[in-house]
Amino acid sequence: MFHDIAIDGPAGAGKSTIAKLVAKAVGSVYVDTGAMYRAIAVHLLREGVSSSDVSAVEKAVSEIDVLIRYVNGEQRVYLNGDDVTGQLRKEEVGNMASKSSAVPAVRAKLLDLQRGLAKTQDVVMDGRDIGTVVLPEAQCKIFLTASVEERARRRFKELAEKGVPADLEKIREDIAQRDLQDSTRATAPLRQAEDAALVDSSDLSISEVTAEILRIFYEKNGIFLAKSAGFCFGVERAVDLVEEKIREKRPIFTLGPIIHNEQVVREFENAGVVTLRDEEALENVSCGTVILRSHGVAKAVYDRLSDMPVAIADATCPFVARIHEIVEKESAAGRRIVIVGDPSHPEVAGTTGWSKTPCIVVSTAEEAEGIPLPPGTPVCVVAQTTFNSQKFKEFVEIIKHKGYDIVILNTICSATEARQEEARSLSSRMDIMLVLGSGDSSNTRKLYGICSDCCANTYYIQALVDLNKVHIQADSCVGITAGASTPNKFIQEVSKECLKSKA
Ligand code: F3S
């Protein structure tokens, strides 16, 4: 059985961009049907044929040969042997393609070719009638749309970036007109197939749309990807900051590995980033930019850096920075700080450095019970952002009974809570659960613990080779979640391997 994916939707919804990314992620061939229609439109324009003159279009089409080839990984489109790739994105070509694609002879010509491709390999095809007419048997059908306003805005931005003057209102009207034309034409009008999943990209980034479509595709194959798997907002922000600084071409140092992922750290090091293993290594830094990672650092580190001839690029996650503020303020007001977290974790080490008085760190129920403070002490309890939320609640109950004048602030970040909750719910429904991430990632280890409690066949996957110990049957329901520093690329590689194991 071939895993064909059909992506339909109105013009400007981002179908071709997304289809290419989806094809790359699942290892399928991307068949650019829009480019094929546009190649025919180039021919009709060259020959001066009107799209309303059906017999002239039929005759012109009978003379056409359209070929798609990949040259150095790039798609090239040939019209009667002539490479017309550069002409396909022109406005007039797009308009002609929309009109001429309604002519039955044009559609018939391409239909055979497209179906032939899907019979011999896994394909991803995008267009207006792929799920309804071209590949009605496609395993996964997506109807990708976005509001007229959003599509007009995207087109306007695209033209502006190329320096082409454009009128936003005119673009908006053209898109609305084209929608009407496409959805009311007699032959194969644009409509959502009954079994297609609707994806509205109006408020989503390209990577979010791609991830959603991959999630739908893998689900059809018994592989369930947690929506919250992979980079969290704070890690993404830190990685983006490093990439931005690399472009500035100054010496760059990160204080500790920027994320808990060796591959990503190595890629940055290959691009010239120097990872300082600890604070002592700052002694050897005399210029450039020091990037503080999302875990945050103690106040003393900021003080030290401000006395050095370096720029500070601060990627401290705002959720962590909020804890620093709380700890500084509450300790200044005379409260003793209790941090529920792992004392060896860099975030916790950094947080303790914001307190005016020594902090107490508890990571077990026994330690919570044994807090050496007398009843009546003013205490403020906070949590490491990635701590297990259920355990935090348990420990808080213990601390509450010790008779302190207590302020409790649940500072576990919402991304962590959502990820843990989804992992709990997903793993309780799966035959096999895979938790992806580095062995030294604290939040991945906690996810593994949560999933192991709910699913007996839970595996910690740090590299593709770890999949060798997992026995996936064709009918296994496989769940996948991943820690906050697990790159999307690895999640997709594992998903693809799982799909292969089911074949
Ligand atoms: Fe920030 Fe939460 Fe990620 S604290 S770094 S968003 S896990």
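For this chain, numbers begin at 1 and follow the sequence in order. Quantities reported herein were computed from a predicted structural model and do not represent experimental measurements. Counting convention: from 1, in listed order, for ligands and their atoms alike.
- With sequence neighbours excluded, the residues satisfying side chain to side chain donor-acceptor pair (under 3.5 Å) with E158 are R155.
- Ring centers of Y460 and Y448: under 6.0 Å apart, within the cut-off.
- Under 3.5 Å, the side chains of S441 and S438 contain no donor-acceptor pair of N or O atoms.
- Excluding waters, the set of protein N, O or S atoms lying under 2.8 Å from atom 2 (Fe) of ligand 1 comprises C413 SG.
- No donor-acceptor contact under 3.5 angstrom links the side chains of E422 and T481, judged on distance only.
- L168 meets the side chain to side chain contact (heavy atoms under 4.5 Å, CB included) test with A152, F156; sequence neighbours excluded.
- Contacts of Y459 classified as side chain to side chain donor-acceptor pair (under 3.5 Å), with partners at least two apart in sequence or in another chain: none.
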